[in-house]
Participant: 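Sharing a structure below in structure tokens format, with a few things to ask.
So you know, we letter chains A, B, ... as the sequences are listed, proteins then strands, and number each from 1. These numbers come from the heavy atoms of this one structure, side chains and all, not from hydrogens, waters or symmetry mates.
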Amino acid sequence: MDTNLVVYNTLTRKKEKFEPINPPFVGMYVCGPTVYSDVHLGNSRTFISFDIIYRYLAHLGYKVRYVRNITDAGHLEGDRDEGEDKFAKKAKLEKLEPMEVVQKYTIGFHDVMRIFNTLSPSIEPTATGHISEQIEMVKEIIDNGYAYEVGGTVYFDVEKYNKDYPYGQLTNRKLEDLLEGTRELSGQDEKKGRLDFALWIKAKPETLMKWPSPWGWGFPGWHIECSAMSTKYLGETFDIHGGGMDLQATHHTNEIAQSQACNNTTPVKYWMHTNMLTVNGARMSKSAGNGFLPRELFTGDHPLLERGYSPMVVRFFMAQSHYRSTLDFSNEALQAAEKGFQKLIKAGETLHKLTAASESTVTINEIKTKCYQAMDDDFNTPVLIAHLFDLVRIINSVNDGKEKLSQSDLEEAKKLYQSFVFDVLGLQQELLESTENSGLTGDLIDLILNLRLEAKKNKDFATADKIRDELTEKGVKIKDTKDGFEWEIE
RNA sequence: GGUCGCGUGGCCGAGUGGCUAGGCAGCGGUCUGCAAAACCGUGUACGGCGGUUCGAAUCCGCCCGUGACCUCCA
């Protein structure tokens with residue numbers, strides 16, 4: 001199959017035509033969360049971005065195997081292979097078993113993903129579930145001469161590797177430059193090279209999460225899980241590997257080195273990285289303490305938030321910027337997104353009430369072409385949304401009787417709307433009022449508004465306005481129509 | 001210090017060597033008893049200074065500002 005899709009490849013720093021290795025199949029691996037704490041909004045952005053990418057690939061007809069891991073072991077506090085285990089630390093803090101920590105935050109992560117309407121990956125493997133695969137991989141790397149063991153810990157020999165392959169390729173750096181930015185080895189260090197990193201780490205007596213291995217009891221290094229699991233489920237070379245930009249320099253660089261050293265082949269054809277979410281211009285991060293939890297955002301329970309914003313508003317807000325751009329968070333920007341989102345969704349409702357004319361006065365096909373062009377250009381969702389607002393204008397104009405759509409164009413418009421708003425962008429209608437509309441409350445509001453209608457007919461505008469003002473104050477928005485009214489609860 | 005970005009009208013945010021991005025807000029109009037919604041019209045934006053070019057916000061150079069990574073974080 002042939003498409004016009006072009007993707008930006010971090011590896012080459014260029015946009016490239018997307019040509020999967022085994023079409024129509026596409027293998028995509030995305031680095032998932034380390035489940036030792038709540039995911040914040042910045043994390044969510046990456047997964048929402050890749051959700052849209054996944055959805056669009058599927059929409060184009062690719063058979064995508066989407067693998068997103070759960071890191072539930074082996075992630076140390078520092079990346080110098082000497083810090084405390086993140087799970088053990090959290091477990092101590094919360095007086096839990098490490099696996100209880102894992103369970104708690106895995107469930108929390110899934111909840112957030114569901115609320116944001118992201119599709120589940122095809123496979124969601126865990127590090128602890130693939131210890132033997134990781135051990136096999138480490139053995140292989142040792143056999144190939146790119147790793148060495150010191151007292152139960154196995155290190156990757158970066159300088160050796162760099163003689164054969166470009167270690168700093170992903171971030172366009174030379175080994176010398178990398179070495180410069182690294183501290184000297186201290187007398188106590190057991191690694192040979194300053195850039196060497198652990199593939200397998202010897203357990204200390206107090207280590208809780210540990211497994212037997214050829215090098216004694218220990219646990220895997222952080223990077224090896226992704227190499228092992230991507231190889232297992234997607235093969236030695238697969239199409240897309242994604243993750244946040246912050247993983248590029250260390251995690252992904254090491255991942256490439258490990259896979260290459262083990263399998264003797266380049267692991268990934270297209271590397272894709274999403275940019276950071278910022279707050280007041282600075283990166284949202286756990287350590288900076290400026291990270292929002294999704295829950296705080298929805299309820300507005302955060303000092304920086306004026307009020308809450310719904311999950312779909314947030315999703316729409318994110319889609320309004322390109323995944324490779326930073327996105328800055330502010331109340332003003334969110335409120336603008338909220339209005340835009342509502343406009344888009346309302347037009348969708350209007351679309352289904354339209355009646356067809358004998359012929360069209362506007363063309364839908366042109367917009368459709370532009371929508372595909374936008375997404376084909378490295379998943380350019382902000383441009384896609386701009387075109388969808390052209391469709392919105394047409395829908396509303398037809399509704400106002402100013403433009404006309406033929407039956408076939410009307411069908412085309414519905415299809416277009418469904419495809420891009422719901423299937424690709426993954427937005428949903430948030431009809432909080434729908435249950436209320438059908439209940440007693442709805443009946444009562446209809447009753448009141450019918451009384452108001454009579455007042456209007458009698459030119460008793462004082463009463464009519466009073467009813468409207470008071471209902472508005474209670475959150476019932478009223479729109480008068482030609483021969484009646486519409487209302488909705490805010 | 002090294003690597004890579006970014007700087008677009010009131011706010012957010014795309015983009016292209018010459019042709020309207022879009023959303024929100026504002027202003028004027030249509031509609032309406034008045035509103036709301038919708039629609040129409042409206043903004044001569046691209047950090048600064050040079051250079052290339054018939055033409056640059058878009059390419060090049062320098063400068064200023066700012067951010068990310070190089071140390072845990074998507």
Participant: Are A/F298 and A/F116 close enough that their ring centers fall under 6.0 Å?
Facilitator: yes

Participant: Can you tell me the distance, in whole Å, between the CG atom of A/L334 and the C1' atom of B/G23?
Facilitator: 13 Å

Participant: Starting from P on B/A68, measure out to CG on A/L170 and report it in whole angstrom.
Facilitator: 20 Å

Participant: Using the side chain to side chain donor-acceptor pair (under 3.5 Å) rule, pick out the option among A/D460, A/T463, A/D480, A/D465 that qualifies with A/R452.
Facilitator: A/D480

Participant: 5'-most contact on RNA chain B: A/T171 or A/H387, nearest heavy atom basis?
Facilitator: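 Looking at RNA chain B, the more 5' nearest nucleotide goes with A/T171.
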
Participant: Could you tell me how far B/G17 sits from B/C12 if I compare only their C1' atoms? Round to whole Å.
Facilitator: 27 Å

Participant: Between A/F329 and A/G340, which residue's closest nucleotide on RNA chain B lies nearer the 5′ terminus?
Facilitator: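 Comparing both residues, the 5'-ward one is A/F329.
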
Participant: Indicate, with a heavy-atom threshold strictly under 4.0 Å, whether A/T481 touches base, sugar-phosphate, or nothing.
Facilitator: nothing

Participant: Output the rounded distance in Å from CD (A/Q373) to P (B/U16).
Facilitator: 13 Å

Participant: Distance only, no hydrogens: is a donor on one side chain within 3.5 Å (strictly under) of an acceptor on the other, for A/Y56 and A/D376?
Facilitator: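 Yes, side-chain donor-acceptor contact under 3.5 Å.
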
Participant: Round to a whole Å and report the spacing from CG of A/N9 to P of B/C4.
Facilitator: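 Whole-Å distance recorded here is 16 Å.
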
Participant: Report, one pair per line, the protein and nucleotides 5-11 of chain B atoms (nitrogen or oxygen only) whose separation is under 3.5 Å.
Facilitator:
{"unit_1": "B/C11", "atom_1": "O2'", "unit_2": "A/E332", "atom_2": "OE1", "d": "3.4"}

Participant: Less than 4.0 Å between a side-chain N and a carboxylate O, is that true for A/D85 and A/K89?
Facilitator: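 Not counted as a salt bridge, because no side-chain N and carboxylate O are separated by less than 4.0 Å.
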
Participant: Less than 6.0 Å separating the ring centroids of A/F329 and A/F292?
Facilitator: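 Between A/F292 and A/F329, which both carry aromatic rings, the centre distance is below 6.0 Å.
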
Participant: Can you tell whether the side chains of A/D157 and A/K191 come within less than 4.0 Å, N to carboxylate O?
Facilitator: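 Salt bridge: no.
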
Participant: Rounded to whole angstrom units, what separation is found between the CG atom of A/L247 and the P atom of B/A68?
Facilitator: 16 Å

Participant: Under 4.0 angstrom, heavy atoms only, what part of the nucleic acid is A/I478 near: base, sugar-phosphate, or nothing?
Facilitator: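 Counting heavy atoms under 4.0 Å across all strands, the contact made by A/I478 includes a base.
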
Participant: Suppose the criterion is side chain to side chain donor-acceptor pair (under 3.5 Å): which pairs have a residue in residues 391-400 of chain A, not counting sequence neighbours?
Facilitator: A/D390-A/R393

Participant: Distance check, P atoms only: B/G18 and B/G28, in whole angstrom units.
Facilitator: 35 Å

Participant: Among the candidates B/G33, B/C24, B/G22, find the nucleotide nearest to the side-chain atoms of A/K339.
Facilitator: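 In terms of side-chain proximity for A/K339, the closest of B/G33, B/C24, B/G22 is B/C24.
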
Participant: Answer yes when A/E338 and A/R307 have at least one side-chain N-carboxylate O distance shorter than 4.0 Å, and no when they do not.
Facilitator: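 Judged by the 4.0 Å cut-off on N to carboxylate O distance, A/E338 and A/R307 do form a salt bridge.
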
Participant: If you check every side-chain atom of A/R173, which of B/A74, B/G22, B/C70 has the closest atom?
Facilitator: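 For A/R173, the side-chain atoms sit closest to B/C70.
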
Participant: Does A/H322 reach the side chain of A/D378, with side-chain heavy atoms less than 4.5 Å apart?
Facilitator: yes

Participant: Would you say A/N172 reaches B/U3's phosphate, i.e. side-chain N/O to OP1/OP2 under 4.0 Å?
Facilitator: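 No, no such contact exists.
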
Participant: Do you see a donor-acceptor pair shorter than 3.5 Å between the side chains of A/T171 and A/Q248?
Facilitator: no

Participant: Which is true for A/K477 with a 4.0 Å heavy-atom rule: it touches a base, it touches only sugar-phosphate, or it touches nothing?
Facilitator: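 Nothing, no nucleic acid heavy atom in range.
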
Participant: Identify every side-chain donor-acceptor pair in residues 108-115 of chain A under 3.5 Å, counting partners at least two apart or on other chains, and give the distances.
Facilitator:
{"unit_1": "A/H110", "atom_1": "NE2", "unit_2": "A/E124", "atom_2": "OE1", "d": "2.6"}
{"unit_1": "A/H110", "atom_1": "NE2", "unit_2": "A/E124", "atom_2": "OE2", "d": "3.3"}
{"unit_1": "A/D111", "atom_1": "OD1", "unit_2": "A/R114", "atom_2": "NH2", "d": "3.0"}

Participant: Could you work out the separation of B/C27 and B/A21 based on their P atoms and round it to a whole Å?
Facilitator: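 Each nucleotide's P atom is 23 Å from the other's.
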
Participant: Where the side chain of A/S321 is defined as all heavy atoms beyond and including C-beta, which of B/G23, B/A14, B/G33 is the nearest nucleotide?
Facilitator: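 So the nucleotide nearest the side chain must be B/A14.
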
Participant: Tell me the stems RNA chain B sits in, counting at least three consecutive Watson-Crick or G-U wobble pairs, each under 3.5 Å on both distances.
Facilitator: B:1-7 with B:64-70, B:10-12 with B:22-24, B:26-30 with B:38-42, B:47-51 with B:59-63

Participant: Taking only the C1' atom of each, what is the distance from B/U20 to B/C40 in whole angstrom?
Facilitator: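 So the two C1' atoms sit 15 Å from each other.
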
Participant: Which residues within residues 457-473 of chain A lie with some heavy atom under 4.0 Å of an atom in RNA chain B?
Facilitator: A/F461, A/D465, A/R468

Participant: Between B/U8 and B/G13, how many Å separate the two C1' atoms, rounded to a whole number?
Facilitator: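 About 9 Å, rounded to a whole number of Å.
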
Participant: Report yes if some heavy atom in the side chain of A/Y270 is under 4.5 Å from a heavy atom in the side chain of A/M28; otherwise report no.
Facilitator: no

Participant: Can you tell me, in whole Å, how much space there is between the C1' of B/A57 and that of B/C49?
Facilitator: 15 Å

Participant: Measure from CD on A/Q320 to C1' on B/A21 and round the result to the nearest Å.
Facilitator: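 So the CD-C1' distance, A/Q320 to B/A21, works out to 12 Å.
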
Participant: Can you see whether A/N275 engages A/S325 through a side-chain donor-acceptor pair at a distance of less than 3.5 angstrom?
Facilitator: no

Participant: Could you state the NZ-C1' distance from A/K14 to B/C4, rounded to the nearest angstrom?
Facilitator: 15 Å

Participant: Check every strand shown and say whether A/H273 touches a base, only sugar-phosphate, or nothing at a heavy-atom separation below 4.0 Å.
Facilitator: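 It contacts nothing in the nucleic acid.
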
Participant: Does A/E486 come within less than 4.0 Å of A/K477, counting only side-chain N to carboxylate O?
Facilitator: no

Participant: Grab the NZ-C1' distance between A/K456 and B/G33 for me, whole Å please.
Facilitator: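 Taking atom C1' of B/G33 as the reference, NZ of A/K456 is at 8 Å.
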
Participant: If you measure from the C1' atom in B/U66 to the same atom in B/U30, how many Å do you get, rounded?
Facilitator: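 B/U66 and B/U30 have their C1' atoms separated by 45 Å.
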
Participant: Give a yes or no on whether the ring-centroid distance for A/F422 and A/Y417 is below 6.0 angstrom.
Facilitator: yes

Participant: If only side-chain N and O atoms of A/K89 are considered, is one of them under 4.0 Å from the OP1 or OP2 phosphate oxygen of B/C72?
Facilitator: no

Participant: For the residue pair A/N4 and A/Y372, confirm or rule out a side-chain donor-acceptor distance under 3.5 Å.
Facilitator: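 Per modelled atom types, A/N4 and A/Y372 side chains form no pair under 3.5 Å.
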
Participant: Check every atom of B/G33, B/C72, B/C39 against the side chain of A/K86 and return the nucleotide holding the closest atom.
Facilitator: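 It is B/C72.
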
Participant: Classify A/G243 by what it touches in the nucleic acid, base, sugar-phosphate, or nothing, heavy-atom distance under 4.0 Å.
Facilitator: sugar-phosphate

Participant: Please work out if A/M276 contacts a base, only the sugar-phosphate, or nothing of the nucleic acid, heavy-atom cut-off 4.0 Å.
Facilitator: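 Base, at least one base heavy atom under 4.0 Å.
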
Participant: Where along residues 390-400 of chain A does a heavy atom come under 4.0 Å from RNA chain B, residue by residue in number order?
Facilitator: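 Those residues are A/R393, A/N396, A/S397, A/D400.
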
Participant: Give one of base, sugar-phosphate or nothing for A/L277, where a contact means two heavy atoms less than 4.0 Å apart.
Facilitator: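 Base, at least one base atom sits under 4.0 Å.
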
Participant: Cut-off 3.5 Å, side chains only: do A/T118 and A/D51 have a donor facing an acceptor?
Facilitator: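 The answer is no; no qualifying pair exists.
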
Participant: If we take the C1' atom in both B/G43 and B/G23, what is their distance in whole Å?
Facilitator: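 Pairwise C1' distance, B/G43 against B/G23, rounds to 15 Å.
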
Participant: If you compare every side-chain N and O of A/K479 against the phosphate oxygens of B/A38 (OP1, OP2), does one of them come in below 4.0 Å?
Facilitator: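 It does not, given that no N or O in the side chain of A/K479 lies less than 4.0 Å from OP1 or OP2 of B/A38.
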
